[in-house]
Amino acid sequence: MSVLRVGNASGFYGDRFDAMREMLTGGPLDVLTGDYLAELTMLILGRDRLRDPGAGYARTFLRQLEECLGLARERGVRIVTNAGGLNPAGLADAVRALADRLGIPVRVAHVEGDDLTAAHPGALAAHAYLGGFGIAECLRAGADVVVTGRVTDAALVTGPAAAHFGWGPTEYDRLAGAVVAGHVLECGAQATGGNYSFFQDGDVRRPGFPLAELHADGTSVVTKHDGTGGFVDVGTVTAQLLYETHGARYAGPDVTARLDTVRLSQDGPDRVRVEGVRGEAPPPTLKVGLNRLGGFRNEVAFVLTGLDVEAKAALVRAQLEPVLGRVADVRWDLARTDRPDAATEETASALLRLVVRDADQQVVGRALSGAAVELALAGYPGFHVLAPPGKGAPYGVFDALHVPRNTVAHVAVRHDGRRVPVPDVQDTAVLRAVPEPPLPRPLPPGPVRRAPLGLVAGARSGDKGGDANVGVWARTDDAWRWLARELTADRFRELIPEARDLPVVRHPLPNLRALNFVVEGILGEGVAAQARFDPQAKALGEWLRARHLDIPEALL
């Protein structure tokens, strides 16, 4: 069968608004996907639904569609999106109303069954991660637009691929190839040079959005429309493959993809071939993302300028101690951004950040803000803050759990209203770690130089609930030989002091010349709880690259 060209126009709720139009007008496409959901987004949509039961979906998508639905119809491009969030049926109805108002005949279907909130009292939102076969059912029945709730990000690609090529649920290698392609596409411009360690290799001022040319055997080519910014090479695809993954087995509801089998090769300018992907039966359970309100938080950043920074910080802490004694969770962080004999006041200043959390909004609200403001004329010399503390804002907590597959009813609601149960897989396999692959042979002995790791390796990091992952890859075979032996889990802990008392698991991926580290618990209760300076661990990999090691001079 023909090649299926699947593009992406959104990597998160708030991504570039014009991307949908750019992807529809930039070149040929068969399917355009949009990923709007993340752990934090589900919390935001849950709070929206508290205020308005008819809300709960990504309204940005509707505004984009108002400009682009006619374009998609004219060009024969089908649209598949998880913008339905907590209310896919509501968004599907809104799309139908929009199409009627615009006079554009389109068939709109949706997928549901992921919402398990009623089974989890106290949760703001609890949703199972569904696979792609509900999407496939809707497309096979003729839908032009398919709206889903919480499916896996890769399902936005596996669903259209299964529909187009006629794949069945046991064609694991083909499905796994589509999962890998979907994982590369899901974060938009991160596959075309965005957030890339070696961003200076190309012009990334306005990177284009990616697309994949999928084949019936599960292989694909990742590329982008001609004339768009950014670039696609083995490095950009490797970086995205490592993003927010754990071990060599990448489990999903349809298939477990073996990331250690992925082979990447440059197939021309801005073209990367993805092949060799093996798949296995999926796990016997489905992941459920559970969001709940954790309480209230507040913060204030004190600016400490000039001399005696440590003493000034100690004074603030002592002055606020009587008030903070009633707060459940208090965290102080002193960032020494100051420099001696600085040429500007800003570079002469350090930041002392106070973050408080409690179940009682009053405790972290007026009590804290009043005590902090009262120090304005009674604190350290040069007292001021970046912004006054507010009244205390609610924060969320994310938990991941797993439920038996037969407790989740996956349903495709066709454009004609017919509800079609999506059969579950017949075969499953308990997820187990793969055996540790052999280390590459060591480099010959030679002189070394103290230098940043980032001179020989790239990295990309992200969040999975309270854990963070840091994928690190080498650009050459020799650099891989050194990296695989040098960057152990223990060395990682030495370089990242925050991880010294935490479990750190290393997963080697030799085909990608990569190591994937999972740091358990470094993000506390997840991104919505904002437990650390970088709550989503987005820059954790770049911090690692900035750390110095003894690197063989032959690699520098």
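Throughout, numbering of the chain's residues begins at 1 and tracks the sequence. Please read these numbers as outputs of a predicted model, since none were measured by experiment.
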Any donor-acceptor pair under 3.5 Å from [X] side chain to [Y] backbone:
X    : Y    : answer
D427 : A281 : no
E280 : A257 : no
R206 : T228 : no
Q536 : S461 : no
D30  : R5   : yes
T236 : V232 : no
T428 : P283 : no
R249 : R432 : yes
E39  : G465 : yes
D114 : Y129 : no

Could you go through E213 and R271, starting from their C-alpha distance and side-chain angles, then the distance that decides it, and tell me whether this counts as salt bridge (Lys or Arg N to Asp or Glu O under 4.0 Å)? CA-CA 10 Å; E213 300 169 355; R271 293 177 62 83; 3.0 Å; yes
Heavy atoms only: give me the nearest [X]-[Y] pair and the separation to one decimal.
X    : Y    : value
Y250 : H183 : OH-ND1, 3.4 Å
L116 : A128 : CD1-CB, 4.0 Å
V422 : A412 : CG2-N, 3.9 Å
F533 : P535 : O-CD, 3.2 Å
D260 : N511 : O-ND2, 3.2 Å
L45  : G85  : CD1-CA, 3.9 Å

Got a second to check how far [X]'s [atom1] is from [Y]'s [atom2], nearest 0.5 Å?
X    : Y    : atom1 : atom2 : value
T219 : E275 : OG1   : CD    : 7.0 Å
D233 : D267 : CG    : CG    : 13.0 Å
H120 : N291 : NE2   : CG    : 12.0 Å
C138 : R418 : SG    : CZ    : 11.5 Å
T158 : D254 : OG1   : CG    : 5.0 Å
T25  : M23  : OG1   : CE    : 9.5 Å

Under a 4.5 Å cut-off applied to non-hydrogen side-chain atoms, are [X] and [Y] in contact?
X    : Y    : value
T148 : P88  : no
Y36  : T81  : yes
F231 : V204 : yes
R21  : L24  : no
F209 : H225 : no
L50  : L124 : yes
D463 : K538 : yes
V146 : L139 : yes

Considering residues, nucleotides and ligands other than D226, do more than 12 of their heavy atoms fall under 6.0 Å from its CG? no
Can you establish whether the number of heavy atoms outside R16 located under 6.0 Å from its atom CZ is more than 12? yes
Hey, mind stepping through V413 and E112 against side chain to side chain contact (heavy atoms under 4.5 Å, CB included) and telling me if it holds? CA-CA 8 Å; V413 184; E112 59 185 43; 4.0 Å; yes
Walk me through it: do D115 and R49 pass the test salt bridge (Lys or Arg N to Asp or Glu O under 4.0 Å)? CA-CA 13 Å; D115 192 347; R49 189 170 60 174; 3.5 Å; yes
Looking at F61, is R59 sitting on its ring face, NZ or CZ under 6.0 Å from the six-membered ring centre and within 45 degrees of the normal? no
cation_pi(R357, Y395) dist<6.0 Å, angle<=45: yes
For N516 and N469, test the side chains for any donor-to-acceptor distance below 3.5 angstrom and give the result as yes or no. yes
Contacts of R140 that satisfy side chain to side chain donor-acceptor pair (under 3.5 Å) - sequence neighbours left out: none
Side chain to side chain contact (heavy atoms under 4.5 Å, CB included) partners for E542, two or more places apart: S197, R545
According to salt bridge (Lys or Arg N to Asp or Glu O under 4.0 Å), who are the partners of D15, at least two apart in sequence or on a separate chain? none
Check: H410 ring centre within less than 6.0 Å of F133 ring centre: no
Evaluate the ring planes of W167 and F165, with Trp represented by its six-membered ring, and classify them as parallel (under 30°), tilted (30 to 60°) or perpendicular (over 60°). parallel
Q240 and C187: side chain to side chain contact (heavy atoms under 4.5 Å, CB included), yes or no, with the steps? CA-CA 8 Å; Q240 179 55 28; C187 290; 3.6 Å; yes
With D35 as partner, the option from T41, N8, N82 fulfilling side-chain hydrogen bond (donor to acceptor under 3.5 Å, both in side chains) is N82
For P160, the option from L32, L214, V80 that meets side-chain contact (heavy atoms from CB on, under 4.5 Å): V80
Salt bridge (Lys or Arg N to Asp or Glu O under 4.0 Å) assessment of R51 paired with D48: CA-CA 5 Å; R51 292 188 290 267; D48 287 348; 2.7 Å; yes
Check the pair E244 / R460 against salt bridge (Lys or Arg N to Asp or Glu O under 4.0 Å), numbers first and verdict last. CA-CA 9 Å; E244 294 184 346; R460 178 164 289 166; over 6 Å; no
Take R96 and L98, measure what side chain to side chain contact (heavy atoms under 4.5 Å, CB included) needs, and give me the verdict at the end. CA-CA 5 Å; R96 293 185 189 98; L98 173 66; over 6 Å; no
Between V108 and D144, does the side chain to side chain contact (heavy atoms under 4.5 Å, CB included) criterion hold? Intermediate values first, please. CA-CA 6 Å; V108 184; D144 302 303; over 6 Å; no
